[in-house]
Protein chains: 2
Amino acid sequence: MSAPIPRPAEPRETHPDTVDPRVEALVNEVIGRVADKWTMIVLEVLTEHGELRFTRIGEFAGGISQKMLTQTLRQMERDGLVLRTVHPVIPPRVEYRLTDLGLSLAEAFCGVWQWAEANIARIEHARAAFDAAKAG
Amino acid sequence: MSAPIPRPAEPRETHPDTVDPRVEALVNEVIGRVADKWTMIVLEVLTEHGELRFTRIGEFAGGISQKMLTQTLRQMERDGLVLRTVHPVIPPRVEYRLTDLGLSLAEAFCGVWQWAEANIARIEHARAAFDAAKAG
DNA sequence: GTCTTCACTCTCTTTCAGGTAAGTATAGAT
DNA sequence: ATCTATACTTACCTGAAAGAGAGTGAAGAC
């Protein structure tokens with residue numbers, strides 16, 4: 001009994017304030033793409049340090065593989081979040097920086113970031129209480 | 001040549017404004033836990049509809065399995081984001097609603113949500129341009 | 001007696017994100 | 001000739017996430 005829970009046929013709006021499901025789906029997709037671990041970290045690194053080269057971002061990000069870094073960066077570039085500048089020299093020199101869109105996203109995430117920072121203690125306390133209650 | 005990119009030994013702070021890595025790690029963990037797909041969706045559903053029963057949340061969430069819903073809800077309860085009320089009747093009746101902490105998180109995420117909604121077009125345009133440039 | 005409801009819980013299987021390691025291209029230095 | 005630096009690709013592999021589907025328990029309806 002645990003296949004996906006089916007959505008009700010149609011008329012199931014207790015509250016009238018439901019969002020257009022297509023918008024909801026799009027927003028979810030965007031958030032899903034944008035809110036993954038590495039994207040957020042790269043976003044933060046670039047916000048903090050400005051324009052950086054590939055390897056440098058990797059150093060600041062901490063623990064990311066080249067593969068994931070390339071992948072994340074490409075995705076962000078495709079989404080218009082970062083600008084990639086290739087200098088045609090050898091050895092190659094590629095620099096990345098946030099676009100205005102990227103900066104605005106960083107700003108939006110700032111709230112969450114701050115929330116997390118401000119509420120770590122509360123969450124840890126809640127967890128301890130929960131675990132204690134379960135154990136006892 | 002793609003093992004994790006090593007962090008530089010120590011003295012590599014071009015910018016002085018680097019955050020305490022321990023705080024950074026904690027924040028990342030919290031965000032990682034809090035910002036997954038289903039948590040965000042459940043958060044939104046509960047924000048929009050107030051107190052709801054298990055199955056109801058599943059219906060609103062769309063496409064979630066019972067297993068994932070249980071798991072997500074438990075995690076959120078543990079983190080102090082939702083309150084779980086069991087009515088000792090048969091068949092069981094369990095209701096979930098956001099705590100103040102949960103509400104404050106929803107509020108913080110509101111910015112991202114709005115950003116996503118406001119910038120879907122820009123992202124899609126960027127993607128189209130990127131793909132076209134690559135193909136042509 | 002068995003059927004239904006609800007909120008799970010368990011197990012099995014598949015999917016996939018992400019890690020490792022190696023390869024590529026180029027020019028200048030040794 | 002070989003080595004180095006840089007920014008990637010590519011191929012392979014593994015562990016964890018998550019989906020499917022069945023099972024559970026208890027009371028009341030039939």
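In what follows, chains carry the letters A, B, and so on, assigned in the order in which the sequence lines appear, proteins first and then strands, with residues in each chain numbered from 1.
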Participant: Linking I/L/V/M/F/W/Y whenever their side-chain heavy atoms sit closer than 4.5 Å, directly or via other members, would A:V42 and B:F130 fall into one cluster?
Facilitator: no
Participant: Which protein N or O atoms sit under 3.5 Å from an N or O of nucleotides 13-18 of chain D?
Facilitator:
from   : atom 1 : to    : atom 2 : distance (Å)
D:dA18 : N7     : B:K67 : NZ     : 3.3

Participant: How long is the line joining CD of B:Q66 and C1' of D:dA20, in whole Å?
Facilitator: 11 Å
Participant: Is there a donor-acceptor pair under 3.5 Å between the side chain of A:T99 and the backbone N or O of A:G80?
Facilitator: yes
Participant: For B:R127, is there an ion pair with B:E124 - N to carboxylate O distance below 4.0 angstrom?
Facilitator: no
Participant: Can you tell me how far C1' of C:dC8 sits from CD1 of B:I64, to the nearest Å?
Facilitator: 13 Å
Participant: With a 4.5 Å limit on heavy-atom distance, are the side chains of B:L73 and B:R84 in contact?
Facilitator: no
Participant: Is it true that B:R56 and B:E59 have a side-chain N and a carboxylate O under 4.0 angstrom from each other?
Facilitator: yes
Participant: Expressed as a whole number of angstroms, how long is the span from B:L52:CG to C:dC6:P?
Facilitator: 14 Å
Participant: Heavy-atom contacts under 4.0 Å between residues 74-93 of chain A and DNA chain C, which residues?
Facilitator: A:I90
Participant: Whole angstroms only, please: what is the CD-P distance between B:E95 and C:dC8?
Facilitator: 12 Å
Participant: Please step through side-chain contact (heavy atoms from CB on, under 4.5 Å) for the pair A:F60 and A:I57, ending with a clear verdict.
Facilitator: CA-CA 5 Å; A:F60 281 123; A:I57 299 175; 5.9 Å; no
Participant: Determine, using the 4.5 Å side-chain heavy-atom cutoff (strictly less than), whether B:V86 and B:L83 are members of one ILVMFWY cluster.
Facilitator: no
Participant: To the nearest Å, give me how far apart CG (B:L73) and C1' (C:dC6) are.
Facilitator: 14 Å
Participant: How many Å lie between CG on A:L69 and P on D:dT6, as a whole number?
Facilitator: 15 Å
Participant: Under a 4.0 Å threshold between the charged nitrogen and the carboxylate oxygen, would B:E95 count as salt-bridged to B:R97?
Facilitator: no
Participant: Would you say A:T55 places a side-chain N or O within less than 4.0 Å of OP1 or OP2 belonging to D:dA7?
Facilitator: yes
